[in-house]
Protein chains: 4
Amino acid sequence: MSHNTFGHLFRVTTWGESHGTALGCVVDGCPPGIRFTQAEIQSELDKRRPGQSRFVTQRREPDEVKILSGFVMDEDGETMITTGTPVSMMIENVDQRSKDYGEIARQYRPGHADYTYDVKYGIRDHRGGGRSSARETAARVAAGALARKVVPGMVVRGALISMGVKEIDRSRWNWNFIDDPENPFFTPDPGSVQVFADYLDGIRKAGSSVGAVIEIVADGVPAGLGAPIYAKLDQDICSNLMSINAVKGVEIGNGFWAARITGEDNADEMRIGNDGKPVFLSNNAGGILGGISTGQAIVARFAVKPTSSILTPRQSIDVDGKDVEVRTKGRHDPCVGIRAVPIGEAMIACAIADHYLRHRGQTGRV
Amino acid sequence: MSHNTFGHLFRVTTWGESHGTALGCVVDGCPPGIRFTQAEIQSELDKRRPGQSRFVTQRREPDEVKILSGFVMDEDGETMITTGTPVSMMIENVDQRSKDYGEIARQYRPGHADYTYDVKYGIRDHRGGGRSSARETAARVAAGALARKVVPGMVVRGALISMGVKEIDRSRWNWNFIDDPENPFFTPDPGSVQVFADYLDGIRKAGSSVGAVIEIVADGVPAGLGAPIYAKLDQDICSNLMSINAVKGVEIGNGFWAARITGEDNADEMRIGNDGKPVFLSNNAGGILGGISTGQAIVARFAVKPTSSILTPRQSIDVDGKDVEVRTKGRHDPCVGIRAVPIGEAMIACAIADHYLRHRGQTGRV
Amino acid sequence: MSHNTFGHLFRVTTWGESHGTALGCVVDGCPPGIRFTQAEIQSELDKRRPGQSRFVTQRREPDEVKILSGFVMDEDGETMITTGTPVSMMIENVDQRSKDYGEIARQYRPGHADYTYDVKYGIRDHRGGGRSSARETAARVAAGALARKVVPGMVVRGALISMGVKEIDRSRWNWNFIDDPENPFFTPDPGSVQVFADYLDGIRKAGSSVGAVIEIVADGVPAGLGAPIYAKLDQDICSNLMSINAVKGVEIGNGFWAARITGEDNADEMRIGNDGKPVFLSNNAGGILGGISTGQAIVARFAVKPTSSILTPRQSIDVDGKDVEVRTKGRHDPCVGIRAVPIGEAMIACAIADHYLRHRGQTGRV
Amino acid sequence: MSHNTFGHLFRVTTWGESHGTALGCVVDGCPPGIRFTQAEIQSELDKRRPGQSRFVTQRREPDEVKILSGFVMDEDGETMITTGTPVSMMIENVDQRSKDYGEIARQYRPGHADYTYDVKYGIRDHRGGGRSSARETAARVAAGALARKVVPGMVVRGALISMGVKEIDRSRWNWNFIDDPENPFFTPDPGSVQVFADYLDGIRKAGSSVGAVIEIVADGVPAGLGAPIYAKLDQDICSNLMSINAVKGVEIGNGFWAARITGEDNADEMRIGNDGKPVFLSNNAGGILGGISTGQAIVARFAVKPTSSILTPRQSIDVDGKDVEVRTKGRHDPCVGIRAVPIGEAMIACAIADHYLRHRGQTGRV
């Protein structure tokens, strides 16, 4: 990626730190004539907002998005219509609780970017993670809300499928359960809620943290998006997911599992369906063959590492080169992966929207 | 990625198909004054050359690289010195065995890009996989050979760590064994050779194929390369790896495993070493924290799916929309992952070289 | 350029329309450790602010810049220090005088982008020029204020050298006069003020408008920036200048004049100076030879067309395809070129800052 | 531009030096299904080939283009059809006359990039101008030949309109005369041939050289290409032209002249034509309003400086920092601007093709 901009035709630039005045994004290259409301953008943002259950950070952020440019208001006074010029969106930081960052400013938290920041830049905004704070992801979600509207008929949904050593039962998968108010985990498996809750309560009480695996599924993506190599649709999806803070692995379709099985088991066989159209008999490929979408559902997964900010003391060093013991207090997510679900959705929506426009540009199709 | 170009300051553009006249790459942005020989580039290419054991395709390609621009010859008549202008390298295709592609031209091989090519472009070079042939990777390896020289002291090495259901024993890891003439698998574990050989013989005789997992380690990478988000070093490494044909998953450091363990187990603790410099007590992060290199070894893995071209018949359809049964004859790798090792090395070398120059550009450091 | 982003390492993205909530820019890739104050940015902005004399639009805009991210505040509470992350700057639109845009919304003003907007996008924000309003240039000036600080010792200054048929007398060139409060024209020639004033009063009274030519000079630019072709420093300077609204021509050094003179007259001869360093005996090349800076002053000029919004009636058509006569009322600059001076400075500063970082990245020099 | 690549969707990367083995280009992003022949590409190349009259360098280069990838051959064995993958084209250098470059290698020719190369890279291929040789432009012309086919109905033509102090008479403009075998100058004015011939003979005999101004006109360009600012069609045209070696100025439509006239004179008035479609009554804008094409002819001009390689002695310095007198012998064009005509055509064709695809990508129109 080129610095803090991603996408080639549908381009997103984000800016802002955890504890600055505001953060935001500029969505450039959006097709003209796309209709949306602030409420739609806001509702995506609300999904990743902290403070909604005891399992996520209690930092209170209204995360209210302001849309500053790139639209004309329809006569209803509510519907915005993109004009084709850059759409700038901003979210002000209101809960910048004043506290003593003295220790954090001087100690390198293990697993954090503190040390590498200092080596790279020689200067760092130590407040709350700076640029690589989870706060920044609000800008991605806002951009993704627009991206969803670029590809007609596309639906992008995500689910948490494992937390630490606990996994869902895929046979109970229910997309509708994701938005259930009784579901604080974005799990598609109603039976997993109590398991995850108990598990995470234990993790939290132990002053520990735990990672998660997220699965994103994009339905309604037309065949033909992507390229055989280099601008592969799966590659840009993986790059977008890997650009999220704390992500350590990504895979498409059956992913790493494909490396364990044989060619005949991995191949997705095809038949002509009753309507005369091609039908795939399986989807090991995750909807992408040779870098190009097949028309099946796009399936991607990513692994989020456990939050590094934990109460459990860890050995480290400080800026003066002395050995220290670090204990990170504050309002931290015991499983930052939970809130990563809408972020992953947004990043995949952006990748697909970009390839939709690129495909149309090169080939004139769709 | 922008079409068939990758990298931001160290930029590589590749071109060429399996059965065209030639293939090659243009390396743009290479620093001036880098000394190399054709033999060095060639020796990297020879590693991925087919036909070297019974476990890889018997297609014979000398893969002789020609270096066409971007250098002046030193007085020794052998050492080339980059001038800072584009280095163009070309490999001619000599073994374009004439054969009947009639069936392949009309049938969509399951797991191949045949179908998606036709949907996307409406036209396709059906000979040997076209652009997404393994042949194209020769261009990547040539570019990677130059990239290795951009970062002083960097050593990039790769190893096959599993093939289908068979894994190496990491306790026997021996880098020196990789280049052993008795080792046709790029495995670092001498004890695995016989296991892999027997396994792959069985796969081949069954008209089947199998995938593999490759691990790449880059030593000697200075701390400070990358960015907190978006231009993360790990992200660009993953994007580069995912751009390789047949790759379905990538991970950094302990990767997907990080999602299973706790924050205190995942954190790489630090101490001040005897020389007064920071020492990490583990490397779960794979040498990258917050998107920026730590100075530890960079560790990445990627999963290669089993070759789709298999003798075992599979159900599919043809271009006329009829159901067919496909059996792919020809000289195909039963485990294309074997030859992916030098390719993965090259792609990671390119990613790191690019970030080395970007870091120097932005900060003036290194 | 890639949409609304320019630069490769020092990257600027701008957003915002004439009559939206706000406009702004994101400066990405800025080196860390650059010290600046809001007052410095503001003082650049104030130069292009309207309403400062009777010769520019009377629209009143305080153009107060807010700096939203990418810095830490120094202990003095005033000096900001860049951290290497994106610097977001915003200017709110306060003087959005409500008026009847009925006619403008339906009539295509000759010389304006009204017609082409509608053809391209099928939708348009007709208020005040939309995206191609002179308002947008405030974002460029803010970015340029940072760019000036990237290259140590660089000074970028601009001057209006002709207005319509009136030209300055170059023998009276005085840089110090540019900022003189008695000089509403950015002219370096004190003797030209009365000439320009009388001329422009006549133009204004006639309900007409007139164009201008601006010259920008960058001193203190180190030799070696740019590339022989394609990433030529002069090319990126020209591209940046041509990206400004209403610019129709650009030239470097003696520019179009070079096409009229002989090779021996055009060549800038060299001698070794008393200090042993190379000295150029002239600067026809405008400080750039073969796309690369020579160490001499960089000199560029650009032509700004006359404002299209004039009181004099012009023939045109409307959105319904009917012939109409257009007369544009409102607060328009009779010579929009005057305020283009600080904008040209900013765009050249950005181009040079970008090449400074690129040169350092590729070669490790400077 | 990003190094030696230009264009966003229709992307061209060029490589190669004056005296290397070969030079060429990679055209990436070309739409699939474009039909062309090698003869068509070759005929464009032949236009800029040296050695065709006494007024251009006598270096003999067949400039035979080889097309290496990105196409399938039609059944006629002659027509190539693009597949959407990179089209690589190569031209081998055959006339690398061995000669003594001793002096040129050590002396900085005034007006040449010799000095700036050394400052930038610390190393240089001194043979024949290296990367900034006119040889390189063959690659641009080959790419342009493909670009011409991307926009249906587009015709791009160029003409030399002045040479040194001699100008054509525009009232005698005749496009058909350009290709007349009696016309060695690409002039559209039959009456100018003898004038230019006599003038240039004098220049040549005097050991001097002279510059030229070229005008390029693109007919058949649909309205709607470009963007209001930053990705302006005129801006990318100017950038492409300015990327050509020896170009010092560019303008669109009436260009610098627009700065001299009033708003009412500059505005291109509109009427509804008999067919109900908009008609412009003039074309001062050069076919581009607010950065977006109007549907009128695109008109651009560029100034080429006089060849720096002249027999007339000039003062300079050498690599050891000594004062020297330089006299450049060899086969040099007395007016390098003549052969710039097809190059300018190619660069504009590439710019328009790119914007055609970008417009289609963003808006789905055309």
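Here is the naming used below: chain letters follow the sequence lines, and residue numbers restart at 1 for every chain.
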Please classify the contact of [X] with chain D as side chain, backbone, both or neither, using a heavy-atom distance under 4.5 Å.
X: C:Lys232; result: side chain
X: C:Asp118; result: backbone
X: C:Leu241; result: neither
X: C:Tyr115; result: side chain
X: C:Thr363; result: side chain
X: C:Ile317; result: both
X: C:Ser208; result: both
X: C:Val324; result: backbone
X: C:Ile310; result: side chain
X: C:Val210; result: both
X: C:Lys166; result: neither
X: C:Ala212; result: backbone
X: C:Asp234; result: both

From CE (D:Met347) to CG (D:Asn240), nearest 0.5 Å: 4.0 Å
Side chain, backbone, both or neither: which part of [X] has a non-hydrogen atom closer than 4.5 Å to chain C?
X: D:Ser308; result: neither
X: D:Val304; result: backbone
X: D:Leu281; result: side chain
X: D:Ile252; result: both
X: D:Thr14; result: side chain
X: D:Asp323; result: both
X: D:Thr312; result: side chain

Go through [options] and name the one with the most non-hydrogen pairs under 4.5 angstrom from chain D.
options: C:Ala300, C:Gly253, C:Gly122; answer: C:Gly122
options: C:Val165, C:Val250, C:Val119; answer: C:Val250
options: C:Gly224, C:Gly321, C:Ala259, C:Pro313; answer: C:Ala259
options: C:Arg260, C:His112, C:Met270, C:Met163; answer: C:Met270
options: C:Arg271, C:His359, C:Lys305; answer: C:Arg271
options: C:Ala206, C:Cys335, C:Gly111, C:Gly286; answer: C:Gly111

Would you check if there is a donor-acceptor pair between the side chains of [Y] and [X] at a distance under 3.5 Å?
X: D:Ser243; Y: D:Arg140; result: yes
X: D:Tyr230; Y: C:Glu136; result: yes
X: C:Ser282; Y: C:Glu269; result: no
X: D:Ser309; Y: D:Thr328; result: no
X: C:Asn266; Y: C:Asn254; result: yes
X: C:Tyr121; Y: D:Arg365; result: no
X: D:Thr307; Y: D:Ser209; result: no

Under 3.5 Å, is there a donor-acceptor pair between the side chain of [X] and the main chain of [Y]?
X: D:Glu325; Y: D:Arg314; value: no
X: D:Ser133; Y: D:Gly130; value: no
X: D:Asp114; Y: D:Arg109; value: yes
X: C:Asp320; Y: C:Lys322; value: no

Is the shortest side-chain N to carboxylate O distance from D:Arg301 to D:Glu251 below 4.0 Å? yes
Closer than 4.0 angstrom, basic N to acidic O: yes or no for D:Arg204 and D:Asp333? no
Max heavy-atom pair count under 4.5 Å with chain C, selected residue of [options]:
options: D:Gly290, D:Ala267, D:Ser316; value: D:Ser316
options: D:Gly226, D:Gly276, D:Pro222, D:Ala227; value: D:Gly226
options: D:Glu264, D:Arg131, D:Gln362; value: D:Glu264
options: D:Asp268, D:Thr294, D:Asn4; value: D:Asn4
options: D:Ile261, D:Val213, D:Val326; value: D:Ile261
options: D:Ala113, D:Gly337, D:Gly211, D:Pro306; value: D:Pro306

For this output row, return yes or no: ring centroids of C:His8 and D:His3 closer than 6.0 angstrom. yes
At their closest point, which heavy atom of C:Ser162 faces which heavy atom of C:Glu167, and how far apart are they? CB-CG, 3.7 Å
Minimum heavy-atom separation for D:Cys25 to D:Trp15, with atom names? N-NE1, 3.6 Å
Kindly determine whether C:Lys277 and C:Ile272 satisfy side-chain contact (heavy atoms from CB on, under 4.5 Å), including the steps that lead there. CA-CA 6 Å; C:Lys277 291 185 181 162; C:Ile272 293 296; over 6 Å; no
